[in-house]
Amino acid sequence: MNGNRPKNFIYEIIDKDIEINKWGGRVHTRFPPEPNGYLHIGHAKSICLNYGIARDYNGKFNLRFDDTNPTKEEQEYVDSIIEDVKWLKADFENRILFASDYFEQMYEWAVKLIKKGKAYVDDLKLDEMRDHRGTVTEAGKESPFRNRSIEENLDLFERMRKGEFKNGEKVLRAKIDMSSPNMLMRDPVMYRIIHSSHHRTGDDWCIYPTYDWAHGLEDSIEGITHSICTLEFEVHRPLYDWFLDELEIYHPQQIEFARLNLSYTVMSKRKLLELVQESFVDGWDDPRMPTISGLRRRGFTPESIINFAEIVGVAKRDAMTDIALLEYAIREDLNKRAQRVMVVLKPLKVIITNFDEGKIEELEALNNPEDPSMGKRTVPFTKEIYIEQADFSENPPKGYHRLVPGGEVRLRYAYIIKCDQVIKNEKGEVIELYCSIDPDSKSGSGKSTKKVKGTIHWVSADQSVEIEARLYDRLFIVEDPAGEKEKDYRELINKNSLEIISGAKAEPFVKSAKAGDRFQFERNGYFCVDSKYSTESKLVFNRTVTLKDTWAKSLKQ
RNA sequence: UGCCGGGUCGUCUAAUGGUAGGACAGCGGCCUUUGGAGCCGUAUGUAGAGGUUCGAAUCCUCUCCCGGCAGCCA
């Protein structure tokens, strides 16, 4: 394999397996989501891991829906998951598979276990079964129905399938060991009765396999070699192995790794669903959500997420990854590829006193200083322009490099201007500046040797387009909202996670921007045309991430 | 106090008995027509105690801490 392959314990296991020819040199992984919600960045890590392994070992990668519970699953989720996995460039070669396609085979295997005396139908009610299960420190008790005859079990199980019983009336359980120290081995449920329509099989079935029963069978049917899952399934592994061994069928290896946790967000599907249902956010694809669709709408590139998944690594210890690492990944990517553009978010009008009214001077600007092949564009300069309110100060803090009364600053790709007069309204707020340009200081002219410390961005007042900018901040105010003992995570939501700026002024270049287009607004950050609210007459931009701002940081100290 | 798993810079992750390294974050500097980017430099870590060994993050013993497991969820 190539030398710069990721080095983690799973690759080591696979290397060894190949060495001993365990699977005939084959590598086949899968991503097995339940279609009960949208995928998030934690799933992205798993997708990249599983697909990456298949890619690195010239193996195969399946997308398989673990759709064994019709009460929670919907087609909408199936669709979004397929879109997200494709977007992440994980190539499943059209193998979109469904556990529900294996229901008949699973049923036959359950019959096989019954015939072997390894499974039985139990009439215990939910709470009775709980009582019989024991606790982590006490052994459980056997069900009075545990020793029914094989014939009776066969008959009852068939009648379960036919729909003769109501929800909860009976279950099929594996006959293992009610006193096992591993609670999962205390006669786990294999089938439960659920009279509801399944998004794919409709009303064909009223008994549905549980995860523990189904998952290994799915892997086995598909010829998976390495069944990679998260740490909480570690205690399930003996059960995974038990079913496959008892059935004497192809037996993949389950390997567990630590799921991704990201600071200042939550990562459980249940909590994300609640954020959506309780309208804390604007849907699953709200740009503040850690969902793949949210990140996409926010302006993240698939490459940045794939790279993030790589640099975050894979291990078995619980971890909380700093969201700064994700921000680093997208900045690094966008810095190299994003079209630069000047946009004034909070405009302050500047009148150039020594520039002719009505004159439009087209100035050259680099589309991306990091990549000359992206070429140049022109930006119109006129008598009235806007600069950022924050780029002018009457009482500048120490170290301020921008415009001050009587001071000079460079307008990017244009001239050096001097602030001659400050106009205020009756409330004393600065509303306008009168400035003069130094005609010899035109960018690229080489005439001026004058050096000024600051360079600020600007936009022509009449040669500009008004846009809306949505500035996002972290969704929560604490690092680990789900881990907080005293408070519900909902109380820890950042009330200022969204700021809508409606009167921003952009240079004409952005006029033709289409949904999903990404830009760097110079000195402000990376922005992406929103796919939901942006229209041709009113462009709406999402701020993907700010630029690093060492000045703002130094001000805080 | 049952079983399973895990503890390496602030964070994530390497080192598989032989110089504890990288990335992010931090700090300092250089450079800069983005206070961006880039470049250079720098501090910070093996949970604790014993033991084995010429040599231990790594092997052994004990202790401590963290996570998972008592759904007919996955």
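This one's a predicted model, so the numbers in the text were calculated from it and none came from an experiment. Per chain, numbering begins at 1; letters A, B, ... match sequence-line order. Any value given below was found using the heavy atoms of this structure, including those in side chains, with hydrogens, waters and symmetry copies removed.
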task = Sort out the partner of B:C69 for me: Watson-Crick or G-U wobble, both distances under 3.5 Å, none otherwise.
result = B:G2
Any A:Arg237 side-chain nitrogen or oxygen under 4.0 Å from OP1 or OP2 of B:C69 = no
Options B:G5, B:A14, B:G26, nucleotide nearest the side-chain atoms of A:Lys553 = B:G26
inquiry  = Between B:G2 and B:A70, how far apart are the two C1' atoms, rounded to whole Å?
reply    = 11 Å
message = Donor-acceptor pair, distance only, cut-off 3.5 Å: does the side chain of A:His215 make one with the backbone of A:Tyr211?
response = no
ask   = From the list B:C3, B:G36, B:G35, which nucleotide is the closest neighbour of the side chain of A:Pro181?
value = B:C3
query = Do any of residues 165-176 of chain A sit with a heavy atom less than 4.0 Å from RNA chain B, and if so which?
reply = A:Gly168, A:Val171
G-U wobble or Watson-Crick pairing nucleotide for B:U46 (cut-off 3.5 Å, both distances) = none
key: Separation of the P atoms in B:G5 and B:G41, to the nearest angstrom   = 44 Å
task = Please tell me which of the listed nucleotides, B:C4, B:U33, B:C12, lies nearest to the side chain of A:Val235?
result = B:C4
message = Using OP1 and OP2 only, check whether a side-chain N or O of A:Arg133 sits under 4.0 Å from B:G71.
response = yes
task = Report yes or no: is there a donor-acceptor pair, N or O only, under 3.5 Å between the side chain of A:Glu256 and the base of B:G6?
result = no
